[in-house]
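Here is the structure we will look at, set down as structure tokens.
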Amino acid sequence: MHRRIITPGVLAAASLLLAIPASATSGTPGAPGIGDPYYPDYGNGGYDVSHYDLRLRYRPGTDELQGTATILARTTQDLSGFDLDFLLDVSEVRVNGSRAAFARSGEHELVVTPGTPLAKGTPVTIVVRYGGVPSAKSAYGFTTWHRTPDGAVAADEPEAAWWWFPSNDHPGDKATYDVSVAVPDGTQAISNGTLQSTTSKLGWTTYNWRQNKPQATYLATLALGRFDITTGTSDGGVPVLNAYSRDLGDDDGAARASVERTGELVDWLSGYFGPYPFASAGGYVPRTTTGYALETQTRVYYSPKQFRNGSNTSVVVHELAHQWYGDDVSLKGWKDIWINEGFARYAQWLWSEHEGEGTTRELADYVYASHPADDAFWTVAPGDPGPDHQFDAAVYDRGALAIQALREEIGDDAFFAVLKGWPKEHAYGNASVADFQEYAERVSGRPLAALFGTWLFAPSKPAVPAARAASLAGTGTRVARPRSWRRIEATNDVHRH
């Protein structure tokens, strides 16, 4: 125990501070959105979160969730009030230990008004007590809380937190997490990071998970149900934890044959992207009816449908690549989605080449030839696709074409230095497409504005170098389809909900 000795001078200073009237910091309300033009009401202004501590209790039979969220933050302006993104029923809010008023606004806003305004730069502890049935809540006509026969799953993009914890829900405000979940004995709770402890008492088992690296809110996940859990360590020393619903039926074998290769694939991707950035890796396959997968940090969510046609290492490569491109380095705004999806798709191309099922060049030629100049595919700009086209195939495929074009422009040495150096340059932070262009120019020593403008932003089919044009002339869709293409194409809607 460390005791702080308070000197008379310090007491005098403290008395002076107490004498300052509350009106000296009147403040203004934080904005109801963080300022992202794609989703104006997502996230909030006026504060920055550093940590979420979530204490939850869940009853799978009734889908009732009770929780206490403790949020550690710091104000970024003189603040009279602020919003949290949240849907469940709130019984109490405290700010720095004192009760705060709260009210609902719009589709998903919880408006909090502390008794005393908060000065800019003030550390803030926010406690929210809440409960409800997440599956009974919706916003904008949808839900991201997915019921299963034995529980539920929270996993979605670009929003998922509202249904299970209050947050500043935008990738621009990343934080660390402690998630403690009590469930009836026999039910398990899975979340991000590492399992710190498991305890049982009076018919309830509590699982304590910790994510010790900054994590975007949409990458936080919660899976509640009955799972078969496997653990191991990759050759590179990364702990791996995977989980499978016990009633996957015919999809069980293919799911395991894919996801159990996580350790191998993490090590393989490390050769391109640098050391794995987190304390654990893994994935889980619950019995949901969704069709997508999601790069939930350290614990990837896979729908059983991803394995309906057999094993699918390509989708595992895609989601694991996101651990570097999207999770470690997160987008600044949702318009920067290419940094996530273009590179995850290109990782699939690299895996195809590794497996002898089509080189990156062959895949690029096939994609390019498969879309004639008048195809709407070319009107979507991967560098800023707009919210309605954020997960279009062009963001993935044209996005990967842009990466192949970059590789050929700057050469393999500089290209692979960029691939590996980028996650280190912005580790655990956020970055934009413009930041990536600047970094690639710095590493390669070449101006790249024309290349990025052509492949990421121009609303037309780019011309290819003369040598490539000669080999592609008149071939149309007759360019040989690489063997890997069918599995890669199947992940075009991997994030389409």
Side-chain angles (χ1 to χ4, degrees), residues 29-30 32-33 39 41-44 46-47 49 51-73 81-115 124-148 150-156 158-170 173 175 177-184 187 189 191 204 206-207 209 217-218 220-225:
Y39 303 99
D41 295 326
Y42 286 24
N44 307 286
Y47 64 96
V49 178
H51 185 72
Y52 293 95
D53 182 276
L54 309 177
R55 305 285 144 174
L56 310 174
R57 177 175 285 246
Y58 179 72
R59 298 179 184 274
T62 57
D63 196 41
E64 293 175 272
L65 181 70
Q66 303 293 323
T68 299
T70 302
I71 304 169
L72 305 183
F82 57 89
D83 286 15
L84 293 165
D85 301 300
F86 196 47
L87 290 176
L88 294 186
D89 304 322
V90 174
S91 59
E92 182 182 38
V93 179
R94 290 182 176 268
V95 176
N96 290 342
S98 298
R99 286 184 180 272
F102 60 90
R104 291 287 178 186
S105 177
E107 293 270 355
H108 71 279
E109 302 285 344
L110 177 68
V111 182
V112 178
T113 306
V124 183
T125 300
I126 306 158
V127 177
V128 182
R129 299 185 189 277
Y130 59 92
V133 177
S135 58
K137 300 292 185 179
S138 66
Y140 307 99
F142 64 85
T143 180
T144 67
W145 182 266
H146 308 290
R147 284 287 268 152
T148 62
D150 53 11
V153 168
D156 219 313
E159 66 289 289
W162 312 344
W163 282 261
W164 65 288
F165 69 97
S167 69
N168 191 15
D169 191 26
H170 189 274
D173 192 0
Y177 286 73
D178 281 309
V179 179
S180 176
V181 190
V183 289
T187 297
S191 192
W204 290 81
T206 301
Y207 295 82
W209 294 89
T217 42
Y218 84 95
T221 193
L222 182 65
L224 305 149

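Just so you know, residue 1 is the first one in the sequence shown, and it goes up from there. Computed from a prediction, not measured in an experiment: that's the story for all the values here.
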Measure across Leu56 and Gly67 and return the closest heavy-atom pair with its distance rounded to 0.1 Å.
-> CD2-CA, 3.8 Å
Could you check if a side-chain atom of Ser191 sits within less than 4.5 angstrom of a side-chain atom of Val181, using non-hydrogen atoms only?
-> no
For Asp150, what residues pass the side chain to side chain contact (heavy atoms under 4.5 Å, CB included) criterion, not counting sequence neighbours?
-> Thr148, Arg226
Over all atoms of both residues, closest heavy-atom pair of Pro114 and Phe82 = CD-CE2, 4.4 Å
Backbone N or O of Asp169 within a donor-acceptor pair of the Asp85 side chain at under 3.5 Å?
-> yes
Between Thr125 and Leu72, is there a donor-acceptor pair closer than 3.5 Å when you use the side chain of the first and the backbone of the second?
-> no
Please name all residues satisfying side chain to side chain contact (heavy atoms under 4.5 Å, CB included) with Asp41, sequence neighbours left out, ordered by chain then number.
-> His108, Glu109, Tyr140
Heavy-atom distance under 4.5 Å between the side chains of Arg55 and Asp178, does that happen here?
-> yes
Taking side chain as C-beta onward, heavy atoms only, is Val95 less than 4.5 Å from Val124?
-> yes
Say you draw a straight line from CZ of Arg59 to OG1 of Thr187; how long is it, rounded to the nearest 0.5 Å?
-> 11.5 Å
Contact summary for Pro60 and Gly151, nearest pair of heavy atoms = CB-CA, 4.2 Å
Non-hydrogen atoms of Ala189 and Leu224 that approach each other most closely | CB-CD2, 3.8 Å
For Arg94, does the CZ atom have more than 12 heavy-atom neighbours from other residues, nucleotides or ligands under 6.0 Å away?
-> yes
Using the side-chain contact (heavy atoms from CB on, under 4.5 Å) rule, pick out the option among Thr143, Thr144, Leu87 that qualifies with Lys137.
-> Leu87
Roughly how far apart are Trp163 CH2 and Leu222 CG, rounded to 0.5 Å?
-> 14.5 Å
With the side chain counted from C-beta on, respond yes when Ser180 and Tyr207 share a heavy-atom pair under 4.5 Å apart, and no when they do not.
-> no
Would Leu88 and Leu65 count as a side-chain contact (heavy atoms from CB on, under 4.5 Å) if you check the C-alpha gap in whole Å, the side-chain angles of each, and the deciding distance to 0.1 Å?
-> CA-CA 9 Å; Leu88 294 186; Leu65 181 70; 4.0 Å; yes
Roughly how far, to the nearest 0.5 Å, is the OH atom of Tyr42 from the CG atom of Asn168?
-> 14.0 Å
By salt bridge (charged side-chain N to carboxylate O under 4.0 Å, His left out) - contacts of Arg99 (at least two apart) | Glu92
Using the test side chain to side chain contact (heavy atoms under 4.5 Å, CB included), find all partners of Arg147 that sit at least two apart in sequence or belong to another chain.
-> Tyr58, Asp63, Ser135, Trp145, Ala152
Would you say the side chain of Leu84 lies within less than 4.5 Å of the side chain of Tyr47, judging by non-hydrogen atoms?
-> yes
With sequence neighbours excluded, tell me which residues meet side chain to side chain contact (heavy atoms under 4.5 Å, CB included) with Ala220.
-> Trp164, Phe165, Tyr177, Asn192, Gln215
Just by distance, do the side chain of Asp53 and the backbone of Thr70 share a donor-acceptor pair under 3.5 Å?
-> no
Return the set of residues passing ring pair (Phe, Tyr, Trp, His ring centres under 6.0 Å) with Tyr130 (not counting sequence neighbours), or none when no residue passes.
-> Phe86
What closest approach, in Å, do Pro32 and Asn44 show between heavy atoms, and which atom pair accounts for it?
-> O-OD1, 3.4 Å
Just do the side-chain contact (heavy atoms from CB on, under 4.5 Å) check on Glu159 and Phe142 with the steps written out, would you?
-> CA-CA 11 Å; Glu159 66 289 289; Phe142 64 85; 3.6 Å; yes
